[in-house]
Structure formats: C-alpha cells, structure tokens
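The block underneath contains the structure these notes are about, expressed in structure tokens.
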Protein chains: 4
Amino acid sequence: MSPTSSSSPAKRERRKEARPGELLEAALDLFVEKGFAATRVDEVAARAGVSKGTLFLYFPSKEELFKAVVRENIAGRFIEWNSEVETFEGSTAELLHYCYRVWWERVGSTKASGITKLMLSEAQNFPEITQFYQQEVILPGQQLIRRILQRGIDRGEFRAVPLDYAIYVVLAPMMFLMMWKHSLGACAQGALDIDPDRYLATQADVIAYGLATRPGSTGLSA
Amino acid sequence: MSPTSSSSPAKRERRKEARPGELLEAALDLFVEKGFAATRVDEVAARAGVSKGTLFLYFPSKEELFKAVVRENIAGRFIEWNSEVETFEGSTAELLHYCYRVWWERVGSTKASGITKLMLSEAQNFPEITQFYQQEVILPGQQLIRRILQRGIDRGEFRAVPLDYAIYVVLAPMMFLMMWKHSLGACAQGALDIDPDRYLATQADVIAYGLATRPGSTGLSA
Amino acid sequence: MSPTSSSSPAKRERRKEARPGELLEAALDLFVEKGFAATRVDEVAARAGVSKGTLFLYFPSKEELFKAVVRENIAGRFIEWNSEVETFEGSTAELLHYCYRVWWERVGSTKASGITKLMLSEAQNFPEITQFYQQEVILPGQQLIRRILQRGIDRGEFRAVPLDYAIYVVLAPMMFLMMWKHSLGACAQGALDIDPDRYLATQADVIAYGLATRPGSTGLSA
Amino acid sequence: MSPTSSSSPAKRERRKEARPGELLEAALDLFVEKGFAATRVDEVAARAGVSKGTLFLYFPSKEELFKAVVRENIAGRFIEWNSEVETFEGSTAELLHYCYRVWWERVGSTKASGITKLMLSEAQNFPEITQFYQQEVILPGQQLIRRILQRGIDRGEFRAVPLDYAIYVVLAPMMFLMMWKHSLGACAQGALDIDPDRYLATQADVIAYGLATRPGSTGLSA
DNA sequence: AATGAATGAGTATTCATTCAT
DNA sequence: AATGAATGAATACTCATTCAT
C-alpha cells in the first residue's frame, strides 16, 4: 500500500456520506424529467456515479426512493415565510409582488419546483405520499396565502372576497408556471416560452388590482 | 318501422364500427387515471370489452393508442368558440365569465380535461405528440384568449395590458383546475375539494376586475 | 340483378377450383424464400388473392399447408425419367450430361427446386414430411442415379466404383446448386453468382471423366 | 499451492467470463437443431444453465445472438490452411484427399458445420449476416480451393479447367455433406446414412481423377 | 364458399430487486 | 460499504386459428 494511494481519505469519507444526497438529486432530476415509471434506477445510479446495487443499499425500493425524493424536497420553508409576511411593511399589493418574486427565487426557479410537477403527475399512483404532500405543502401554502389576503382585507386594501376560493387566484399562477416549465415549456418552440419575471409581475399586477378596493369603496364588496 | 327492413346493421358490424371509439374511451379513462406507463393494454382492452389482440387490430402500438386518444379529444372546438366570441353581446367581463362557464361545461368537466393532465405529465416522453398538442390546442387556445382580451381593450373596458403575458392570467386558472381535478383533487380530503363554479366565478371576477379600466382612467396604463 | 353483372360465371367457377393451387403456389414461394416459421399465413393468403379465412377453408393448419406444398411439388417424375434412361442411346458420359441438362430444365430451374431447399432447411422440424420426402424423392432419385452409373459400368465406360457412395458424386452437385440458388445465390453480389449451365457442364465433365475407365484400363479399378 | 493465494478466481468470476461462450455453445446447438425461429431464448438460456435475463445481459437480442454464433464459429481458420496448402509436399490429388480429410476433422464433423446449414437455411432472413458470411467464409474458402486447383494445373497434374466453376466441383461435396448431416441425415433411416470418410474419399477420388491430365495428354484440355 | 373481425396462447424483451463476492 | 452479475416476474406485441355473418 503506497503512501500516495492513501491520500485524501477525507474526500472519500465525505463522498460516502454524500451518497444518499447525490442519489436523491439524480433521482429528482430524472423523475421530474421522465416521470416515475419511465425513470430507470440504473440511470439514477449512473447519474449519481454509483452502481445499481448501491442505490438499493440506501433506498429499499424505487417507490421509497420516490418518496424520499419528495420528502427531501419539501423543506418546511413556511415558518420562515410566515414570519416574513408578519413583519412585512408596505402595501399588501407590494407584499404579493414580493412573495411571487421570492417564491420564484427560492422555489419556482429551483429544482424544488419539479416536485410539484412530479406530485401532480403521479398523485394518483402514490396516494400515501400525496397525502403527505398535501399536509406538508399544500395546506401550509394555502394558509400562507390566506394570511396575506386576510392582511389585505384587514388593512382595507383588498375587497372582502371569499378566502376559500381567493387563495386559488394566488396559487393557480404559481402551480401553472411550475407545471408549464417542466412540461410543455421544456419543449418550448419560442411561442411557448415564458419569461417568469414578466409572467409573475403581470399576474401579481392583475390579481392585486383585481382584489383591490377602489377609491371611495368601502372595501367590503361581495 | 317494418321488421323485414332490419334496421339494425347486424350486431357484429355495428360493434366493429364502434370498436375504435370504445377503445379510445377506455384508454382515455385509464391513461388519465393511472398515467401512460401504469396503464396496461390488457386493461384497456378488457374495459372496452374486447381482447388484447383486438386492440392491436385498431392501434398498432400502445404509443399510437395514446396519440389517438389525445387527437380524438381535441377536435377543433376552437372554430365554434371563435365565432361565439365574435358574436357575443355584452361586456367583456361578462364574456370572460361566460367563457369560463362554457369551457367548464364542454371541456373542464368532461374527460377531455384529463388530456391536458396527461399531456403536461407525459410531455417529455412524447415530443412528437407534444408538438402536435401545442399546434392543435395550446396555440389556438391562446389565440382565442388573446381575442377576448383585445376585445376588452378595444372597447375601452380593459387596460392595455401586455397581451403576451395577460393571456396566461386567463389560461392559468383553467390549466390549474384541470391538473388539480385529476391529481390532488381526486384524492380530495375535504380541504382540497374545489367547487368548480365558485372557483371559476371567483377567478373570473378577480381577473375581470383586475383588467378593468377605472372610472376616469385613460385605459392606457402600463 | 342486372344481366351484365352475371357475366362470365365460368371465370368465377374456374377461379374457385383454382384456389388451392393458387394458395399452394403462393405458399411455395414464401416458404422457400423465408422458411416455414417466418412465413405468415396472411401473406400467403394475400399473395393468392384470398382472405386468411379462405386459406383455412382449404388447409386445416399451417403445417398441413406446408405438407401439401411439399407433396404437391414432389411429382413422381421418376417413372418418366427412368424410361428415358433405359432408352437413351449414346455414351453414359453423354447420358450424364443429358440428365443434368434435363434436370435443370424440369426441376432445378423451376420452383420445384425450392422444395429441396425447404426440406433441407426444415427437415428437423417436420420428421413426418421428411420421411415422406425421402421415400418419394431421395430414394427414387438415388435409384435413378445408380442405374445410370450401373449402365456406365456395365458398358465398360465407367470404373467399378462403389455405387453406394458414387451416387452422391452425382447427387451432391445438384443439391448444392438448388440450395445455393435459394440462399446465398439469391443475395448474390457478383462473386457468388453461378451460371447453371456452365456449372452443370463442368461438374458433368469432371465427374464423367473421373468415373471413366482409361484406355487400356480394365474398367475394374477399386 | 498456498491456501491463501486462492488460485481459483472465485466461482462467480470464472463463470462470468465463461458465460458468453456457454451461451453461444447452447445457441449453436439449438439453432442448428431447430432453426432460428423455432429456437426459444429461454431454451438457450436453460441449456447454458442461466436465466433468460442473463442471456440478454450478454446479447442484446435473439438476432444478435444468432450473429454472434455465426461469427464465433468461423474464426479465421483459412490463414492456417493456406499455409498448409503452400507447404504441402506430394501430388495435388493427395493434397485434395488430405484437405477433405482435414476439413472433415476440423469443420465438417464439428458443430461448426451446423453454421453452414444455418446460413443456407436462413440467409434470406439475415441479409446482413449473410453478407458477412460471404466475405469471411465463402470467399476465402473459394480462394483456398482455387489455389489448390491452380497448384495442380501449374504442376501439370490437372487439366486447365475453368477455375471459376471448377471450384464448385470441390466445394459442392463439402456443402452437400454438411447440409445432409444436419437435415435428412439426422433423421437417417439406414438408407440415408452416409459414412463421411468413405463419402469424402470417393468424392476426392473421382474429382482428382476427373481433373487429372492423362498420360500423353497436354494438360491443356478445354 | 368466403370473409375478416376477434381471439388468446405464446414469445422476446425489460427492469426492479437480490446477493455472493 | 460497494459492486455488478444474476434473476424472473411482468408486459407489449404477434399470429395461427376460429366463427358469426
């Protein structure tokens, strides 16, 4: 055993610990791109730079790998965001614009957005993980949006729209953008290409304007 | 109706002509429910009441069956709609509400909506059919929406928003509803259940209001 | 029923009776070209201008069709030939040349030669029909050749070679030519193309010369 | 032999390297016995003592397995033979006998002879591999025979026969024997049984004699 | 007699999963 | 821990054969 060959044991150690993460990353990419069924575990392993056997060392099955990918990428960012919303100073219209922008930076533009595509695409085949996703992502997300809208109403900026459905006015554009980006948008031939910033700005503009009370209005419309 | 005229064209004959349709219907159901890969051709055949061999008599492969399902369910409804939009009398806000309602009746609430879910889920795996879908559905749909918005602007009802992005303000809520309905919505646990009518009414309301010129406004905002 | 439509019932009648023959002909072509397994009954039917169902009206199975093809094309031409050999006037070397030439005309160059290719190719899969082929073709053929050689020996023209193996000296070139013609020869790229007349003439020449007694020889060599 | 040196390279490892060979051997047997189509890949795998999946680990398809079988069994034996012919001492008639004998030992009597049967039977269905076979086997073989005949002519032993067709005088008996052995001969009922040695001896005898110049002959006959 | 729609047993091939090394 | 050879259950697709018309 030559002394040179034993160099950098740290690197090896680090890689070893990084294995699951590398696998999850590779799996996320491929699941998002091709769907659950069309993704081969060999491919995931290959992209992560390990053998197929190694993958099963860390994840007992392809399904568990899928679940792990989803769980891993559903970080509970909502606590942080909730406090940001609480402390935000400025109009609620501005808050909405801000949230869209921040969401795009932290989620929409990242691989995490692929998870939404995955979930919506595969929900039917994975009821268990779908349930989990609802609890961890959808419901907190809806709560956050609801809080924003409530803030607008409370401050007399927004009309007293029915919140249960108004949340979807805010949510739909985000979900749509994520789906689009990972499906048709990925095959974009010019016409279908969407610039996220302009897209979100336009959506926020129309929505904020559409929710806004009017000068002279009581802020208590239908 | 004379008994000798044998108005029924022989059971076998009639079935033969009905076969492709029956198969497409069964395939639509299953593809939407389980996705492309998870759908077995035997199952499609069984649901259509024929044997596996018969399916391949009408469709040379599972992939061609998929393509046929997509094609079948996007018959050029746009021509009809275009003329409806041209002749509509009333405010553009009303037109928007009307379109959402009609779209739901004719597409959103039907199995055809499953096609969109399918396409968004499987787009990457079927570039050819995705291309076809863009040409036949997405682009005509965008044109129609663009026409509606233009009408509002021309009549001084809507602000001169940038159409290229405003169309998504109208489109996103529809796409979202279809995806939702066929994914999370199908596993709905109360909290996630969406009433389409209220959903669409709220969306149309906010959007129309958000696009509207204001009393005293020039109708030429950014 | 217009009188013109009932024209030429004879033609129809004739065709009806010709069906099995047309099917056998088509089957022969295809079996020879592609082998038993690779030939589809649809193709046979199509080439014969009838439906697949009709084929099974005349032949209870693909195997039976195969057997019928073989049987049909193994006409007992040997009686005729035997008498020709008996009455032939001229040297036995000339008789050999004559036989090769006649064989080529009547068998080698016709579709019947395909049967040999078929039999040799498929013998293992059809023991029953192979047995039949041996009785009807191989043995009579060997007898005929034996008679020719015996004639040469009897007349002092040929050496007294061991007949049991000398027959193959005459047989091998014919069998080889048939196989070649229907296999490699059919994909011929120039180098492999064989002109049957020159081929057979050369073979007959060498064989006759090789069997011939020499001047001063006793005609009774090993 | 120290116990720690573990000279046996681990059972699994050794088997792995042997796999392709075992599979090719099993495939050769079965292809020759039953033809390409009638051979099931499961059977090949079973005979090689592995599972169906393993076969596809080494050969991407049944067709590629077939090609590999052909390639494997036609290793360039011709180089060796060519030099043997060059250095042979003795008459060309003796050389012919010698070649027939050696050919039988090294090819005719081995499984390799089955390849020729295979090729002639399946040529039409595998144009690509047929092409390969022509280049690698047929043409070199013809060259070798041509060289032998040329030797006889050059040494004044053989008549100046047209080589392009005389080669078939030598080739046909070999091809015939291989075909016979693997078809009718395999179902031999006594009458059709051929003793290769006597068969080849007779052929060589007649051919050599038939090609020979005669005492007093010029060696330049047509 | 003729058709051709329907069948379903049969086969090549794939791929998640196992396990000896 | 890591490998990668081996597995075999699962599945799309074929094609000889049947049979109602």
Side-chain angles (χ1 to χ4, degrees), chain A residues 12-13 15-17 19 37-46 49-65, chain B residues 9-17 19 37-45 49-65, chain C residues 12-13 15-17 19 37-46 49-65, chain D residues 6 9-17 19 37-45 48-65:
Chain A
R12 192 152 226 249
E13 210 69 15
R15 288 209 65 206
K16 201 182 277 187
E17 281 164 25
R19 282 284 143 76
T39 296
R40 321 258 143 269
V41 296
D42 322 45
E43 243 180 316
V44 175
V50 301
S51 74
K52 201 168 23 165
T54 303
L55 186 152
F56 283 93
L57 221 54
Y58 292 100
F59 305 95
S61 73
K62 190 185 176 187
E63 280 209 18
E64 287 304 323
L65 173 62
Chain B
K11 196 162 144 207
R12 231 193 189 189
E13 200 107 345
R14 194 170 45 195
R15 292 198 70 197
K16 190 230 152 173
E17 279 163 25
R19 279 288 135 75
T39 297
R40 326 255 140 267
V41 293
D42 323 45
E43 238 179 320
V44 174
V50 299
S51 74
K52 198 177 10 173
T54 302
L55 187 153
F56 285 97
L57 218 55
Y58 293 98
F59 304 95
S61 71
K62 189 184 175 185
E63 196 162 326
E64 286 303 323
L65 174 63
Chain C
R12 192 151 226 248
E13 210 68 15
R15 288 210 64 205
K16 200 183 277 188
E17 280 165 25
R19 283 283 144 76
T39 296
R40 321 257 143 270
V41 296
D42 322 43
E43 243 180 317
V44 175
V50 300
S51 75
K52 201 169 24 165
T54 302
L55 186 153
F56 283 93
L57 220 54
Y58 291 101
F59 305 95
S61 73
K62 190 185 176 187
E63 280 210 18
E64 288 303 322
L65 173 62
Chain D
S6 78
K11 196 160 142 210
R12 234 199 185 185
E13 199 110 342
R14 195 170 43 196
R15 291 198 72 196
K16 189 231 153 173
E17 279 163 25
R19 278 288 136 74
T39 297
R40 326 253 140 269
V41 294
D42 324 44
E43 239 180 319
V44 175
V50 300
S51 75
K52 201 172 13 170
T54 302
L55 188 152
F56 284 97
L57 216 55
Y58 293 98
F59 304 96
S61 72
K62 188 184 176 185
E63 197 162 326
E64 287 303 322
L65 174 63

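Quick note on labels: first sequence line is chain A, next is B, and so on, each numbered from 1.
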Notebook entry, point to check: Now, which nucleotide makes the Watson-Crick or G-U wobble pair with E:dG8, with each of the two distances under 3.5 Å?
Noted result: F:dC15

Check: Using a cut-off of 4.0 Å on non-hydrogen atoms, how would the nucleic acid contact of A:K52 be classed: base, sugar-phosphate, or nothing?
Finding: base

Check: Is the shortest side-chain N/O distance from C:Y58 to OP1 or OP2 of E:dA1 below 4.0 Å?
Finding: no

Item checked: Distance test, side-chain N/O of B:T54 to OP1/OP2 of E:dA6, below 4.0 Å -> no

Margin query: OP1 or OP2 of F:dA10 versus the side-chain N and O atoms of B:R40: is any pair under 4.0 Å?
Written below: no

Check: Once you round to the nearest 0.5 Å, how far does CG of D:L55 lie from CZ of D:R19?
Finding: 11.0 Å

Note to self: Side chain of B:R19, heavy atoms from C-beta onward: which of F:dT17, E:dA6, E:dT13 has the nearest atom to it?
What the structure shows: E:dA6

Check: Less than 4.5 Å apart, any side-chain heavy atom of A:F56 and any of A:V41?
Finding: yes

Margin query: Reading DNA chain F from 5' onward, which residue's closest nucleotide shows up sooner: C:D42 or D:L55?
Written below: D:L55

Check: C:K62 NZ to F:dT17 P: how many Å, rounded?
Finding: 8 Å

Next item on the list: Provide, to the nearest angstrom, the distance between the CD atom belonging to D:E43 and the P atom belonging to E:dT11.
Entry: 9 Å

Note to self: With a 3.5 Å limit on both atom pairs, tell me what E:dT21 is paired to, counting Watson-Crick and G-U wobble, or say none.
What the structure shows: F:dA2

Margin query: Assuming nearest nucleotide by heavy-atom distance, tell me which of A:S61 and C:G53 is located more 5' along DNA chain E.
Written below: C:G53

Next item on the list: Please figure out whether B:F56 or D:L57 has its closest DNA chain F nucleotide nearer the 5' end.
Entry: D:L57

Item checked: 5′-ward residue of the pair D:T39/A:A37 relative to DNA chain E -> D:T39

Note to self: Can you give me the closest heavy-atom contact between A:A37 and A:K62, atom names plus distance?
What the structure shows: O-NZ, 3.5 Å

Next item on the list: Rounded to the nearest angstrom, tell me the gap between atom CZ in C:F59 and atom P in E:dA2.
Entry: 12 Å

